[in-house]
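In what follows, a single structure is set out as C-alpha cells and then discussed.
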Amino acid sequence: MLQPFTTIPFSNQSLFNPQISINSGQMFLWEKFDNSWYGVYGNHILKFSTTTINNGDSSNNNNNNNNVEFFSFPEFKEWEKQVFRLDDDIEKIIAGFSNDVVVSEAIRRYPGLRLMRQEPHQCMFSFVCASNTNILMIRRMLKNLSRKFGVKVIIDGKEFFTFPTADSLNKANINELLSCGIGYRAKAIKAVAEGIASGKLDIKELTHASYNDAKEQLLKIYGIGNKIADCILLFSLEKLESFPIDVWIARALSSYYDWVFIENKNRQKKEKKKIDDKITFGQYNILSEAIRNYFGKYSGYAQQYLFYYMRQNAAKKW
DNA sequence: CGCCAGGCAACGG
DNA sequence: CCGTTGCCTGGC
C-alpha cells in the first residue's frame with residue numbers, strides 16, 4: 001500500500017496548486033480518480049490526494065483546511081519537490097514577469113501553476129509522439145506503448161503501467177510499435193531509443209550542457225525538430241530558458257508580442273503572417289531568440305503561463 | 001468523404 | 001535560406 005510521504009497544507013495554493021499544474025497539458029500520463037491524481041514518472045507511479053480536514057465545528061463548512069498528501073510506488077521520497085520544482089524561487093520568477101501584462105494576467109488568473117519536471121527518457125519519447133497530432137492522441141499513444149512495453153502495477157485497485165524503458169523500445173520490433181497507433185512516429189521512437197543506447201543522448205551530459213549545445217545534440221536525432229527539442233530541454237533537461245513555440249504560443253506571439261516578428265533583420269513582416277501559418281525552422285530560431293532575450297532565463301515559465309492562458313481562452317478540452 | 005490536430009523531414013526553387 | 005508536400009491516426 002502507498003504511504004503518504006509528505007503532507008503539506010494547501011493554504012499556500014497561490015504559489016503551488018498541484019492540480020492546475022497537472023492540468024497544464026504537458027503531463028500526458030496523469031489521471032484523476034475522485035480526489036486523487038495518479039501519474040507515471042518513468043518506473044514510478046506517483047499519486048497525490050487533496051483532503052479536507054474538518055476542524056470539528058460542523059456548523060461552519062468554511063472552517064476546513066485543505067491538505068494535499070503525496071504518495072509514490074516504489075518509494076520516491078519527496079517526489080513533489082522534484083516534479084513540481086518546489087525548489088525554484090517561484091516568487092522571484094513571477095516578480096521577474098511583472099512588467100509583462102499578459103503573463104502577469106495569466107499568473108493572476110491561474111495562481112499556483114508550476115512548471116513540472118518530467119522523467120527525461122519518458123519526456124523524449126512523449127514529445128516525439130507529439131508531432132502533427134493532439135493531446136488526446138498523444139495520451140492514447142503513450143498509454144498503448146506503456147501497456148505493451150511497461151510493467152503493470154496495481155495501485156488502489158487500479159491498473160497502471162510504468163513507462164517503457166529506452167532499452168525495451170530499442171529492442172521492440174516495428175510492428176509492435178505500430179500496434180500502439182503511433183504511425184510514422186515509430187521511426188522517431190526508434191531513433192531516440194538508439195540515441196539513448198548509443199550514448200548520443202546522455203541525460204547527464206545534456207543536462208550539464210548549455211541550452212544551445214544540448215539543443216544541437218537533440219536536433220541531430222531523427223524526429224526531433226525545434227519545438228520538440230525545446231520541450232525536452234525545458235521539461236526534463238533543466239533548460240529553463242527554453243521557450244517551446246507550438247501553434248498556441250505562435251498565436252500568442254502574433255497577438256501580444258507582435259514586435260518579435262519585426263525586431264529581426266530586415267524582416268518586412270508588414271503583412272504579418274497569418275495566424276495559422278506554420279513557422280519555418282529559420283523563423284522559429286529568430287522568434288525564439290527574440291522572446292528569450294525578452295523574458296530572460298526563466299522564459300520557460302513564461303511560456304507555461306502563456307500556453308495555459310491561450311488554451312483556457314480557447315476553452316480547449318483535453 | 002475531407003479536414004484537422006501542440007511538427008517534422010525531404011525536396012525543389 | 002524559403003515554401004511545399006506527405007505523413008499515421010482517429011474525431012468530427
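Letters A, B, ... are given to chains in the order of the sequence lines, protein chains preceding strands, and every chain is numbered from 1. Just so you know, these numbers use all the heavy atoms, side chains as well, and skip hydrogens, waters and symmetry mates.
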Problem set entry | Gln283(A) CD - dC8(B) P separation (whole Å) | 14 Å
Exercise. So, for Phe127(A) and Phe28(A), is the gap between ring centers shorter than 6.0 Å?
Worked result: yes
Exercise. With distance as the sole test, does Ser104(A) use its side chain to make a donor-acceptor pair with the main-chain N or O of Asn99(A) at under 3.5 Å?
Worked result: no
Exercise. Can you check whether Thr280(A) has a side-chain N or O nearer than 4.0 Å to OP1 or OP2 of dC2(C)?
Worked result: yes
Problem set entry | Protein-nucleotide distance (Asn132(A), atom CG; dA5(B), atom P), rounded to Å | 9 Å
Exercise. So Phe33(A) and Tyr38(A), would you call those rings parallel, tilted or perpendicular, with 30° and 60° as cut-offs?
Worked result: perpendicular
Exercise. Rounded to whole angstroms, how far apart are CZ on Arg185(A) and C1' on dG6(B)?
Worked result: 11 Å
For this session: From the options Arg117(A), Gln118(A), Glu119(A), Gln82(A), select the one residue that forms a side chain to side chain donor-acceptor pair (under 3.5 Å) with Tyr41(A).
Result: Gln82(A)
Exercise. Using a cut-off of less than 4.0 Å, is there contact between a side-chain N or O of Arg311(A) and OP1 or OP2 of dG6(B)?
Worked result: yes
For this session: Dot-bracket for DNA chain C, please, read 5' to 3', with Watson-Crick or G-U wobble pairs under 3.5 Å on both distances, ( ) within the strand, [ ] crossing, | other strand, . unpaired.
Result: |||||||.||||
For this session: Determine the contact category for Gln303(A): base if any of its heavy atoms lies under 4.0 Å from a base atom, sugar-phosphate if only primed atoms, P, OP1 or OP2 are that close, otherwise nothing.
Result: nothing
For nucleotides 10-12 of chain C, print each protein N/O atom paired with a nucleotide N/O atom at under 3.5 Å, atom names and distance only.
unit_1: dG11(C); atom_1: OP1; unit_2: Arg140(A); atom_2: NH2; d: 3.4

Exercise. Is Glu159(A) salt-bridged to Arg147(A), going by a charged N under 4.0 Å from an acidic O?
Worked result: yes
Problem set entry | ILVMFWY network linking Phe161(A) to Phe163(A), side-chain heavy atoms under 4.5 angstrom | no
For this session: Take the protein atom CE of Met141(A) and the nucleotide atom P of dG6(B), then report the distance between them rounded to whole Å.
Result: 11 Å
For this session: Whole angstrom is fine here: how far is it from CD1 in Ile279(A) over to C1' in dC1(C)?
Result: 16 Å
For this session: Would you kindly give the OH-to-C1' distance between Tyr284(A) and dC8(B), to the nearest whole Å?
Result: 13 Å
Exercise. Using 4.0 Å as the upper bound for N to carboxylate O, is an ion pair formed by Arg108(A) and Glu105(A)?
Worked result: yes
Problem set entry | Any side-chain heavy-atom pair of Gln217(A) and Asp213(A) under 4.5 Å | no
Problem set entry | Span that lies between the P atom of dG6(B) and that of dT5(C), in whole angstrom | 22 Å
For this session: Please state whether the base of dG6(B) and the side chain of Lys227(A) form at least one donor-acceptor pair under 3.5 Å?
Result: yes
Exercise. Would you say the side chains of Tyr184(A) and Ser131(A) form a donor-acceptor pair under 3.5 Å?
Worked result: yes
Exercise. Does the ring of Phe70(A) carry Lys47(A) above it, NZ/CZ under 6.0 angstrom from centre and within 45° of its axis?
Worked result: no
Exercise. Between Ile291(A) and Leu287(A), is any pair of side-chain heavy atoms under 4.5 Å apart?
Worked result: no
Exercise. What integer number of Å spans the P atoms of dC4(B) and dT4(C)?
Worked result: 15 Å
Short heteroatom pairs, N/O only, protein and nucleotides 9-11 of chain B, under 3.5 Å:
unit_1: dA9(B); atom_1: OP1; unit_2: Gly223(A); atom_2: N; d: 3.2
unit_1: dA9(B); atom_1: OP1; unit_2: Ile224(A); atom_2: O; d: 3.4

For this session: Using atom CZ of Arg139(A) as one end and atom P of dA5(B) as the other, report the distance to the nearest whole Å.
Result: 18 Å
For this session: Would you kindly say whether Arg251(A) and Ser255(A) are connected by a side-chain donor-acceptor distance under 3.5 Å?
Result: no
Problem set entry | Phe127(A) CZ - dG6(B) P separation (whole Å) | 13 Å
